[in-house]
**Student:** 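One structure follows; several queries about it will come next.
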Amino acid sequence: MQERYDHIAIELAWQKTWANANKFAVSQQCDKQKYYLLEMFPYPSGRIHMGHVRNYSIGDVVARFKRLQGYNVLHPMGWDAFGMPAENAAIQHGIHPAKWTVENIAKMRLQLKRMGFSYDWDREFATCNVEYYKWEQQIFLRMLEQGLAYKKSSIVNWCSECQTVLANEQVEDDCCWRCGTQVDDKELDQWFFKITNYAEELLDFTDKLTGWPESVLTMQRNWIGRSIGCEIEFPIENSSDNMKVFTTRQDTLYGATFMSLAVEHPKALALTTADQHSEVEAFIAKIRSQDKNKRSGDDYEKEGVFTGSYCINPLSGRKMPIYLANFVLMDYGTGAVMAVPTHDQRDFEFAKKYDLQMVVVIQPEGQPLNVDTMPQAWTDSGVMVNSDRFDGLSNEAAKEQIADYLVGEGLGDKTVNFRLRDWGVSRQRYWGNPIPVIYCDKCGVVPVPEKDLPVVLPTDVQLTGEGGSPLAKHEEFYSVACPKCGQSARRETDTFDTFVQSSWYFARYACPEYADAPIDKAAAEYWLPVDQYIGGVEHAVMHLLYARFFTKVMRDLGYMDVDEPFTNLLTQGMVCKETQSCPEHGWLYPEQMVDGKCSQCGQSVVIGRTEKMSKSKMNVVDPDHLIVKYGADTARLFTLFAAPPEKDLEWSEQSVEGCYRFLNRVWRVIYDNRKLFAKRCAVETASEARKLRRITHRTIKKVTEDIDGRFHFNTAISAVMELVNAIYLFDAKKEYPGAFAEALETVVQLLAPFVPHISEELWSCMGHDTDLEQAGWPLCDQQALIEDEKLIVVQVNGKVRAKITVSASADNATIEAAALADEVIQRFVAAKTVRKVIVVPGKLVNVVVG
RNA sequence: GCCGAAGUGGUGGAAUUGGUAGACACGUCGGUCUCAAAAACCGAUGGCUUCUGGCCGUGCCGGUUCGAUUCCGGCCUUCGGUACCA
């Protein structure tokens, strides 16, 4: 054993040992209980960043802890390898996406190994491997068979200059990010997954996901957005046709005085009278030319135009003018809204602007509302008025009764409406999984027969960034014979959204080599669901909802028998750091400043706010520097100690040094006492030895509880630090070497999940022939926790005035007497009457005087 | 606007079921060692104060309670998400 803590040598040596032994590979042939731990897999951008270090350090603590507790732990790692950055790199640097991706994976794999994460590398795969994505193609074909995948036209961002579709994040200020051309809306036929079929089940199961944070479940519930309401038919005047409307506020039906349609509404033009025609057409053209994002902006002014037609309110019989309005959305409800200006703020503003009729139908108890003087719509609950037979009811009761009445009279239906929309999965991109269908002029859309899978993504393409996806220009790829009729046909050149690959990768880890189907049922049965999933909170809705949807689809297609993919979810916070900038040169990297001055111009550097680490803000910290300077163990310890996992973590070099110092402190105390471990002796029973043992075992209890389910790693580490402090202060080690050695061994065992390299090294230095996993997780000796005496806090009128020590077996009366006998307490009680004494056994006495 | 989370020393944070507010760590200050420095070790460290004592203090105001960082009501601020959802 060396005197100095040589982190580099120690870490490299243990990483080699683990790799040679293939230490973390697991099999389902095992009589231990399984535990499947998964962290969200990374996009292979080229380097790991502090967010990865944090995510995977948290995961590794749990994996190693569960292993020490005797579980058969599946802890896999892989790569979310398709996606836009690879294409951008190809365009910018002339390197093929496949090459770029493979090289990045190689670099990042090394970095992860250098961090000492305990992955089963045998199960590693990248989603761009054909052995992975071909199974996704099969799943798609079966979804198509079941009507769970379908094609419909939808609107995309289109750059006419680049002849390509842009993702929302590629649109900057309504313009193409590359050429600056104004982006148009374009209708394209796109593939969709029928996630709406599962809206009800996805919502219902949120109640069963007790291992998920409530905030994430709330976000998912809101995203699914179930609302109960009515579909009501409004007869159109001088026509046999009706206008169908969806509302959740049928209680306000008597107050509906006009109707608003979306400009995209199919009946909009048909309803327009000749004299209004030019005005309506101009309005439609104007609104449709506006940017969709702007249309949903905050201060968007409400505007509309009268069609010239009327419909009839089915309950009040009132004639209602039909307007087109810019704020009505075609893709929610029916694209037509019954407008109730007295009880909806948007309708209120609209009615004021166009001087439309208003009728109050709900008002607060005893406070009549006046349509002329009310400053805004009344959207709260109240009592029904001007509503015929429903007058006098609460509006909540009227909601039910009006709905029943409408159904009874055949005027409407009760309906459930979801905010959730089907998932568009077509991407006009090269670096993705090809959608396996063929278009034949004669046979139409023809799925690629399963026996012809996989549709392999060709690698002999040139990416220029112009003229759309290269697949559409790759004749060898798209020119095929129709599988049905044999005539020449064209292959689909769109690829799947990369969210599709990340929706089922967790299941493939159970059987990454399985060659007969996407999932080996036996493996899935053993390993799934994932017991603990860990990742960034930014994926709270999309990724996690898609993965839940896909799990249910795969269940219904017979691939596996799982309802929900992730039993427990931990969402971690971001890694943040203050920014620094020079007034002249903008954002600066830390190494571009010297003594608080810009190294280029010498001006004082402005320290900015603490923000999420990002390359663009130049406030990133490269994990490699940390590993070299302090070691992987210190990097891990810092990310775990500085904040609880779900909170944002603020970078602090000083705090990193503190962690490094702590590891040195542990190293030193064990080195200094190395001779103690040479000959083992039993743990002593003398009072001083028992005192140290009590701290040792209290720490075991605390650390176990903090890790297991609570994930309070910061307090777990604090507890170990306290034990180390107690060891430093224990000056009877010569007399009680047993208790002393036990305390030191416990420190090493408790630190093992957090800082595995130094822990293994110290463990072997202590003379153990086997590793820490063999030793298992230390158990708390309940006997050792028992105290002879207890410290009791004594309060007078709720304020702490004294602390007394009593025998642990003292009863309440004894404790009370001892408290009242205390000199200080007597002074506070003197000349006053003791009204009450509250005794909390083992903790506190409160004397109430007055 | 709505939904969600949070607000505690100079700093990161702790207080698990209503029971000692500030554990642990960083920083700062003092001491030991040293020719000196670094490292290490030991100690102090919420504010105020008339200082063997006392008062104030967990965003603000109020309430419940013997006792509130914790529960309730009303506000303020910050962060995250989201939106003309009828």
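Every chain is numbered from 1, with letters handed out A, B, ... down the list of sequences. Just so you know, these numbers use all the heavy atoms, side chains as well, and skip hydrogens, waters and symmetry mates.
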**Student:** Under 4.0 Å, counting only non-hydrogen atoms across every strand here, what does A:V337 touch: a base, just sugar-phosphate, or nothing?
**Tutor:** base

**Student:** B:C66, B:G13, B:C85: which one has an atom nearest the side-chain heavy atoms of A:A643?
**Tutor:** B:G13

**Student:** Can you tell me how far P of B:A86 sits from CD of A:E349, to the nearest Å?
**Tutor:** 16 Å

**Student:** Identify whether any heavy atom of A:K701 sits under 4.0 Å from a base atom; if not, whether one sits that close to sugar-phosphate; answer base, sugar-phosphate or nothing.
**Tutor:** nothing

**Student:** Nearest whole angstrom, please: distance from the C1' of B:A14 to the NE2 of A:H712.
**Tutor:** 10 Å

**Student:** Among side-chain atoms of A:E653 and A:Y630, is any donor-acceptor pair under 3.5 angstrom?
**Tutor:** yes

**Student:** Using atom NZ of A:K702 as one end and atom P of B:U16 as the other, report the distance to the nearest whole Å.
**Tutor:** 9 Å

**Student:** If you pin A:L844 and A:R710 to their nearest nucleotides in RNA chain B, which one's is more 5'?
**Tutor:** A:R710

**Student:** Hey, what's the ring geometry for A:F713 with A:F711, parallel, tilted or perpendicular (30° and 60° as the breaks)?
**Tutor:** perpendicular

**Student:** Any strand is fair game: report the nucleotide pairing with B:A40 by Watson-Crick or G-U wobble, both distances under 3.5 Å, or none.
**Tutor:** B:U32

**Student:** Measure the distance from CG on A:D648 to C1' on B:C79 and round it to the nearest whole Å.
**Tutor:** 8 Å

**Student:** Measuring from the side chain of A:L729 (C-beta onward, heavy atoms only), which nucleotide among B:A86, B:C42, B:U20 has the closest atom?
**Tutor:** B:C42

**Student:** Among A:K353, A:K286, A:R346, exactly one meets salt bridge (charged side-chain N to carboxylate O under 4.0 Å, His left out) together with A:E303. Which residue is that?
**Tutor:** A:K286

**Student:** Side chain of A:T218, heavy atoms from C-beta onward: which of B:C3, B:G19, B:U20 has the nearest atom to it?
**Tutor:** B:C3

**Student:** Could you write out each protein N or O paired with an N or O of nucleotides 51-57 of chain B at a distance under 3.5 Å?
**Tutor:**
from  : atom 1 : to     : atom 2 : distance (Å)
B:G53 : O3'    : A:R827 : NH2    : 3.3
B:G54 : OP1    : A:R827 : NH2    : 3.2
B:C55 : OP2    : A:R801 : NH1    : 3.3
B:C56 : OP2    : A:K799 : NZ     : 2.9

**Student:** A:K647 NZ to B:U11 P: how many Å, rounded?
**Tutor:** 14 Å

**Student:** Relative to the 5' end of RNA chain B, which residue comes earlier, A:R421 or A:E214, by the nucleotide with the nearest heavy atom?
**Tutor:** A:E214

**Student:** Report yes if at least one side-chain N or O of A:N714 is closer than 4.0 Å to OP1 or OP2 of B:A14; otherwise report no.
**Tutor:** yes

**Student:** Shorter than 3.5 Å, N or O on both sides, protein versus nucleotides 25-28 of chain B: list them out with atom names.
**Tutor:**
from  : atom 1 : to     : atom 2 : distance (Å)
B:A25 : OP1    : A:N725 : ND2    : 3.1
B:C26 : OP1    : A:R661 : NH1    : 3.1
B:C26 : O2'    : A:Q654 : OE1    : 3.4

**Student:** At 4.0 Å (heavy atoms only), tell me whether A:L791 reaches a base, stays on the sugar-phosphate, or touches nothing.
**Tutor:** base

**Student:** Check the side chains of A:R835 and A:N797 for a donor-acceptor pair under 3.5 angstrom, ignoring hydrogens and angles.
**Tutor:** no

**Student:** Which nucleotide wins on minimum distance to the side chain of A:R668, given the candidates B:C41, B:G13, B:C66?
**Tutor:** B:C41

**Student:** Just name whichever nucleotide pairs with B:G46, Watson-Crick or G-U, keeping both distances under 3.5 Å, else none.
**Tutor:** B:C56

**Student:** Whom does B:G10 pair with, Watson-Crick or G-U wobble, provided both distances fall under 3.5 Å?
**Tutor:** B:C26

**Student:** Does the pair A:R221/A:D207 count as a salt bridge with the N-to-O cut at 4.0 Å?
**Tutor:** yes

**Student:** Strictly distance-based, threshold 3.5 Å: is any side-chain N or O of A:R419 a donor or acceptor partner for the main-chain N or O of A:W223?
**Tutor:** yes

**Student:** Find the distance A:E816:CD to B:C66:C1' and express it as a whole number of Å.
**Tutor:** 13 Å

**Student:** Please give the nucleotide sitting opposite B:G18 as a Watson-Crick or G-U wobble pair, both distances under 3.5 Å, or none.
**Tutor:** none

**Student:** Considering only side-chain heavy atoms of A:W223, which listed nucleotide, B:G19, B:G13, B:U82, is closest?
**Tutor:** B:U82

**Student:** Using atom CZ of A:R419 as one end and atom P of B:A86 as the other, report the distance to the nearest whole Å.
**Tutor:** 11 Å

**Student:** So, A:N242 side chain and A:K244 main chain: donor-acceptor pair closer than 3.5 Å or not?
**Tutor:** no

**Student:** From the set B:U16, B:A86, B:A14, return the single nucleotide nearest to any side-chain atom of A:L329.
**Tutor:** B:A86

**Student:** What's the CD-P distance between A:E231 and B:A86, to the nearest Å?
**Tutor:** 14 Å

**Student:** Look at the rings of A:F638 and A:W651 and say which category their plane angle falls in: under 30° parallel, 30 to 60° tilted, over 60° perpendicular.
**Tutor:** perpendicular

**Student:** At under 4.0 Å between heavy atoms, what does A:D344 touch on the DNA or RNA strands: base, sugar-phosphate, or nothing?
**Tutor:** nothing

**Student:** Can you tell me the Watson-Crick or wobble partner of B:G1, both distances under 3.5 angstrom?
**Tutor:** B:U82

**Student:** Could you check if the base of B:G9 is syn or anti? Syn means the glycosidic torsion is within 90 degrees of 0.
**Tutor:** syn

**Student:** Have a look at A:V840 and say if it touches a base, only the backbone sugar-phosphate, or nothing, with a 4.0 Å heavy-atom cut-off.
**Tutor:** base

**Student:** Between A:F730 and A:F740, what is the ring plane arrangement, given parallel below 30°, perpendicular above 60°, and tilted in between?
**Tutor:** parallel

